[in-house]
Amino acid sequence: MKAINLWKIVMTIIMFCVSILFLLPFVWMLSTSLKIEADVFRFPIEWIPKRWNGLSNYKEVWFGDYPFYLYYWNSIKVAVLTTALSVTVSALAAYGFSKIRFPAGKWLFFIVLATYMVPPQASLVPQFILYRQIGLFDSHAGLILLMSFSVLGTFMLRQFFMGVHDDYIDAAKIDGAGHWRIFWSVAMPIVRPAVATYAILRFIWTWNDYQNPLIFLRSDELYTIQLAMQKFTTINGEFYSLIMAAAVSAILPLLIVFLFGQKHVIEGISLGGVKG
Amino acid sequence: MMELDTKIASRQRWFSFKRKQRTSKLQKKETIAGFLFVFPMLAGVSVLTLFPIVATFVLSFTKWNFIAGFEELEWIGFDNLRNLLGDNVFRKSLLNNSIFMFTVPICMAVSLFLAIIINKKVYMKDYFKVAFFMPYISSVVAIAVVWQVLFHPSAGPVNETLRAFGIENPPLWIADPQFALISLMIIHIWISIGFNMIIYIAGLQAIPKDLYEAADIDGANGWMKFRKITFPMLSPTSFFLLVTGIIATFKVFDLVAVLTKGGPLHSTSMIVWYLYETAFVNLNIGYASSMALVLFFFVLLITVLQWIGQKKWVNY
C-alpha cells in the first residue's frame, strides 16, 4: 500500500512538471506585462521583474490610443447579449423538439441538425452580402444575431429536456397549464444546471470569437476585445511589454468566468462532448 | 335485443368520433405550440445558414466583385472550379490542410496518455484538469500573440533556451517557410490537448471497473489491459474526438490570421484563410464561393467516410 502511494507521489511530481509546460506561457505573459521594454528578452528569463513598469503598461493599454475600457464594454455587451439570446432561442427550440409531440417536429429537428455539418466559413460570403443589403453590417446587433442561433446549444439542451420525465409535464397539463407555463415553471427549473453550463460556454466562445467581428465590424469604436488586441499588436509592433499587458487583459475575464464556473464547464464538456 | 345492440354500437361510434375530434383538436393545439417554440431557431438557421449555403452554391458559378453591385455579376459556369484546380496557392492550401490533420491523432494520443495518468495515478486531479484546460479557455488571439513573441527568431525565450542547450542555429519558427506550419501545429496541439483530455477522462470514468478486476484475476498486465479493455471501450470517445478534431482543423483561421497571414511564401495558407483573403481582401466573391463549396464538400466527405469507417473499429 505504501509503495503505491509513493508511486503516486512521484507521478504527481512528474505530471506537475508537464503541466508547467501548459502554464509557463501564461506566467511569461504575466511577468512580461509588468516589465520595462528593455528587460523583455533578457536571458535567462527574469520571471519576477527586476524593474517594475506594470502600472504604466496597463495604463497605456486601458486608457491610451486604443482604450481597452471601450473594447471591454463592447465585448461584454456582445457576449452577454449573445449568451442571453442564444440560451433563450436554444432552450425554446430544445423544449419544442423534445417535449411537444407534433409530426413535423422530427423533420424540422433533422433539418436544424443537418446545418451543423455546414462549416461556418462556407456560408460566410452570402452572410456578408446579406448583412450589407439589410443594414446589419458593422453593428453590434448584427454580430449578436449572427452568433445567437446555435445548433449545438439546441442539441445539447434537447438532450437534457428529454431527461425531464413526461409525468411532470402531464401532471401540469391536467392542472390546465399550457406549454409556455410548463416550459417556464416546470421544465426550465429542472434543466437549470445544463442551461448554466451552456451559458458559460457560449459566453467564453463569444468572448474569444475573432473571425466574426473581423468580418462583420468595421468601425474602430465597435471593436471587440479580440479585434482590438490584434489591432493593438499591429500598431505597437515591437512593444512586447505593452502587447503582453493587452493579452493579460484579454484573457483575464475568461479566467475568472472559468475558475468560478470550472465545475460546470468541465462537466458540461465531458457530458455533451461539445466544441465551439 | 338487436335494436339495443345497434343502439349501443351507434353510441360507441358517436363517442369515438367525439374523442377523435377532441384529440385532433388537442393535436392541432400541440402542433401550433410546437411551431411557436421552434420558430425562432428555425428562422435563424434558415436565414443565416440554409439560405447562404444555397447562395454560395449559386455564386460559385459567377464572377463578381460585390462592390460593383448586382448588375456586374457575370455567369461563368464551371470556370471557377477549373481555375481552382490549376491554382497553386489553393493546391498548397489543400496540402497544408492535409498536413494539419496530423495534429488530430497526435493530440489524441498525448491526451489519452495524460488522461489515463490523471484519472488514476496522481493527487490533485482538479488542479491538473484546470492547468491543461487553460489554453483551450483562453482567446486564440491572445495566445497567438504570446507565442509569436515566445517564438521570436533572434531574441525569443524558446530560441534562447535552445541556444542555452547548445543548439547553434535554432529554427526561425513562424518566420521560416519550413517551420511555420509546424509551429502552428504545435500551438494548435497545445491548445487542443485540454479539451481532448477532459473528454477522455469522462470516457475512462464510464468504463465498468469489474472488467479490470476480471482481467486482474486472469493475470493480465497493464499493457494487455490497455489494449483489450481501455482502448476498445474508449473507441466511441476516440471516434467523436477524431471527427470533431478533423473538422476543426478545416476551420483553423485565428492562428493563421494573427500569426502568419498565410506566409511566409504561402507555407501556412489554408483553405479558410485563402477563402477569406480572396473574398474580403481581393473582393473576388465568385472565386471565394467556389472555394467555400469545395470546403463544404470536403467536410461532408470526411464526415461520411468516418461514419462508414467507424463500423470497423468502434464498439458501442
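Letters A, B, ... are given to chains in the order of the sequence lines, protein chains preceding strands, and every chain is numbered from 1.
Aromatic ring centroids of A:Phe97 and B:Phe37 lie 6.0 Å or more apart.
Counting heavy-atom pairs under 4.5 Å between each of B:Ile118, B:Thr303, B:Asp254 and chain A puts B:Asp254 at the top.
Looking at every heavy atom in both residues, A:Gln230 comes nearest to B:Ala257 through NE2-O, 4.2 Å. Here the closest heavy-atom approach between residue A:Thr12 and residue B:Phe128 is recorded as O-CZ, 3.7 Å. Summarising the geometry of A:Pro25 relative to B:Trp147, their closest heavy-atom pair is CG-CZ2, 3.9 Å, with the distance given to 0.1 Å. Residues B:Val146 and A:Ala247 come closest through the heavy atom pair CG2-CB, 4.2 Å. Residues B:Leu295 and A:Ala122 come closest through the heavy atom pair CD2-N, 4.3 Å. Minimum heavy-atom separation, A:Pro119 to B:Phe296: CD-CD1, 3.8 Å.
Looking at residues two or more places apart in sequence or on another chain, you find a side chain to side chain contact (heavy atoms under 4.5 Å, CB included) between B:Ser60 and B:Ser289, B:Ser290, B:Leu293. Qualifying ring-ring contact (aromatic ring centres under 6.0 Å, His included) partners for B:Phe39, counting only residues two or more places apart in sequence or in other chains: none.
The main-chain N or O of B:Val47 is never found under 3.5 Å from a side-chain atom of A:Gln127 such that the two would form a donor-acceptor pair.
In this structure, A:Ser19 OG and B:Met134 CE are separated by 10.5 Å, a value rounded to the nearest 0.5 Å. Rounding to the nearest 0.5 Å places CZ of A:Phe26 at 3.5 Å from OG of B:Ser138. To the nearest 0.5 Å, atom CD1 of residue B:Ile53 and atom CE of residue A:Met117 are 11.5 Å apart. Between the CG atom of B:Leu50 and the OG1 atom of A:Thr115 there is a distance of 6.0 Å, given to the nearest 0.5 Å. In this structure, the separation between CZ on A:Phe22 and CE on B:Met197 is 8.5 Å, given to the nearest 0.5 Å. Put simply, OH on B:Tyr123 and CE on A:Met15 are 15.0 Å apart, with the number rounded to the nearest 0.5 Å.
Of the atoms belonging to B:Ile193, it is side-chain heavy atoms, and not backbone ones, that fall under 4.5 Å from chain A. Only the backbone of B:Lys120 has a heavy atom closer than 4.5 Å to any heavy atom of chain A. The part of A:Leu259 that comes within reach of chain B is its side chain, from C-beta onward, which places non-hydrogen atoms under 4.5 angstrom from that chain. Heavy atoms closer than 4.5 Å to chain A are found in the side chain of B:Phe51, but not in its backbone. Proximity to chain B is limited to the side chain of A:Leu130, based on heavy atoms less than 4.5 angstrom apart.
At a threshold of 4.0 Å, the pair B:Glu30-A:Lys99 does not count as salt-bridged, since none of the basic side-chain nitrogens sits closer than that to a carboxylate oxygen.
At least one side-chain heavy atom of B:Leu48 sits less than 4.5 Å from a side-chain heavy atom of A:Leu146.
Residues of residues 206-213 of chain A that come closer than 4.5 Å to chain B, counting heavy atoms only, are A:Asn208, A:Tyr210, A:Gln211, ordered by residue number. Of all residues in residues 276-284 of chain B, those placing a non-hydrogen atom less than 4.5 angstrom from a non-hydrogen atom of chain A are B:Tyr276, B:Ala279, B:Phe280.
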Quick one, A:Tyr116 with B:Thr49, criterion side chain to side chain donor-acceptor pair (under 3.5 Å). Give me CA distance, side-chain angles, the key distance, then yes/no. CA-CA 9 Å; A:Tyr116 190 57; B:Thr49 310; over 6 Å; no
